[in-house]
*Asks:* 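Below is one structure. I have some questions about it.
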Amino acid sequence: MQKLTITRPDDWHLHLRDGEALKAVLPHSARQFARAIVMPNLKPPIRSVADAAAYRDRILAAIPAGEKFEPLMTLYLTDNTNPEEIIAAKASKFVKAVKYYPAGATTNSDLGVTDIRKCDRIFATMQQEDMPLLLHGEVTNTEVDVFDREKVFIEKHLMPLISRFPKLRIVLEHITTSDAVQFVLNANSKIAATITPQHLLFSRNALFKGGLRPHFYCLPILKREKHRLALLQAATSGNPKFFLGTDSAPHGRHTKETSCGCAGCYSALHALELYAEAFESVNALDQLEGFASFYGPDFYQLPRNPDQVTLTKKTWRIPDEVPFTDVGLVPLRSGEEMTWQRI
Ligand code: NCD
Ligand code: ZN
């Protein structure tokens, strides 16, 4: 295949940051995606509908002239979130989901939830309001091996949560293991998952190829090859429970290339091309449109996009760095060649 035209995709998990960083990265997402679920883990986080409205305005102001892009906002759940905030969020129409970060799990999660059971009152309201819950599905106990944190979260927290709230719509975000795939496949129709390009393309070997590779470090961390293959199988299976969410998470070069580097891969520049390569590797390009453009809006009960995007078979080199703030930003797989290009 030399050319692939699909319905314009959306990104169902994206970090846009704020200020100068937002202005630097937003054009990359807007070029490929019509809409994105925007993560609320700013400093301070987006905890109220008023915070989300102001952040949404800043995003809209940063869209390049002539481009269209719709930010779908989320609220950051804390131990102190009020049920009234959920009702106001639903009424706002522009807040589309609520994000659960276990306190300490990842970037800017220190104000996250300390014990998931503390949020049962909120989950009850969300279930009632049909407000989706987005989960960073990892436990934070330091005694649990970092490669097992997703699996343990599913067993210890997610299964009991679903028993308590069987009608709550949940997205298990950026899944990384065959355990998560199996869980989602067996779960009820309210449960879906997003999958990133890096987890479809790389196993944990990428972190150590010829030396330590900080630009492949994200959370949840890359896993064994058998898990990558299970994710690839799920993403290309045509099952609408699995859809696109890049988790593109920009961090300036110096905060990644340091003695204690930040977690996050930057893929907004070339996300669709990365997914196309992953799908092509198992001869499943015909499944890309469903994964990238149909199942996400279907889950969120939004219309599918009316326009299209085209990828052509063309080799190009991913830049070593793109402009960011006062420092550069290193895209995922920088310096390497891609075989698909968005035109
Ligand atoms: C994200 C970030 O940098 O905000 N990092 C990451 O590794 N994915 C946070 C997150 O989604 O865990
Ligand atoms: Zn994320």
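Order of listing sets the numbers, starting from 1, for every ligand and every atom in it.
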*Asks:* Quick check: does Glu173 put an N/O/S atom under 2.8 Å from the Zn ion (ligand 2)?
*Replies:*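 Looking at Glu173, which is the residue asked about, there is no N, O or S atom under 2.8 Å from the Zn ion (ligand 2).
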
*Asks:* Determine whether the aromatic ring centres of residues Tyr266 and Phe324 are separated by less than 6.0 angstrom.
*Replies:*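 Judged by ring-centre distance (under 6.0 Å), Phe324 and Tyr266 do not meet the cut-off.
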
*Asks:* Between Arg333 and Glu273, does any NZ, NE, NH1 or NH2 come within less than 4.0 Å of an OD or OE carboxylate oxygen?
*Replies:*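 Here Glu273 does not pair with Arg333 in a salt bridge, since their nearest N and O are not under 4.0 Å apart.
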
*Asks:* Quick check: does His15 have an N/O/S atom under 2.8 Å of the Zn ion (ligand 2)?
*Replies:*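 Yes, within the cut-off.
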
*Asks:* Would Arg164 and Phe123 count as a cation-pi pair here, with the cationic atom under 6.0 angstrom from the ring centre and within 45° of the axis?
*Replies:*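 Here Arg164 fails the 6.0 Å and 45° test against Phe123.
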
*Asks:* Got a sec: is His136 within less than 2.8 Å of the Zn ion (ligand 2) via an N/O/S atom?
*Replies:*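 Within the cut-off used here (under 2.8 Å), His136 places no N, O or S atom near the Zn ion (ligand 2).
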
*Asks:* Which heavy atom of the protein is the closest neighbour of atom 9 (C) of ligand 1, given with residue, atom name and distance?
*Replies:*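 Here the nearest protein heavy atom works out to Thr106 OG1, 3.3 Å.
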
*Asks:* Assign the ring pair Tyr300 / Trp12 to parallel, tilted or perpendicular, where the plane angle (0 to 90°) is split at 30° and 60°.
*Replies:*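 The rings of Tyr300 and Trp12 lie parallel, inter-plane angle below 30°.
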
*Asks:* At what distance is the nearest protein heavy atom to atom 8 (N) of ligand 1, and which residue and atom is it?
*Replies:*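 The protein heavy atom lying closest is Asp247 OD2, 2.7 Å.
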
*Asks:* Once rounded to 10°, what is the value of the angle centred on the Zn ion (ligand 2) between His13 NE2 and Asp247 OD1?
*Replies:*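 It comes to 90°.
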
*Asks:* Please state whether Arg17 comes within less than 4.0 angstrom of ligand 1, counting heavy atoms only.
*Replies:*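 Judged by the 4.0 Å heavy-atom criterion, Arg17 does count as contacting ligand 1.
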
*Asks:* Against ligand 1, does Glu173 come closer than 4.0 Å with any heavy atom?
*Replies:*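 Outside the 4.0 Å threshold, so no.
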
*Asks:* Under a 4.0 angstrom heavy-atom cut-off, which atoms of ligand 1 come close to Ala249?
*Replies:*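 Close to Ala249: 1 (C), 2 (C), 3 (O), 5 (N).
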
*Asks:* To the nearest 0.5 Å, what is the distance between CG on Leu269 and CZ on Arg342?
*Replies:*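 Leu269 atom CG to Arg342 atom CZ measures 12.0 Å (nearest 0.5 Å).
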
*Asks:* For atom 7 (O) of ligand 1, what's the nearest protein heavy-atom neighbour? Residue, atom name and distance, please.
*Replies:*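 I find the closest protein heavy atom is Leu219 N, 2.8 Å.
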
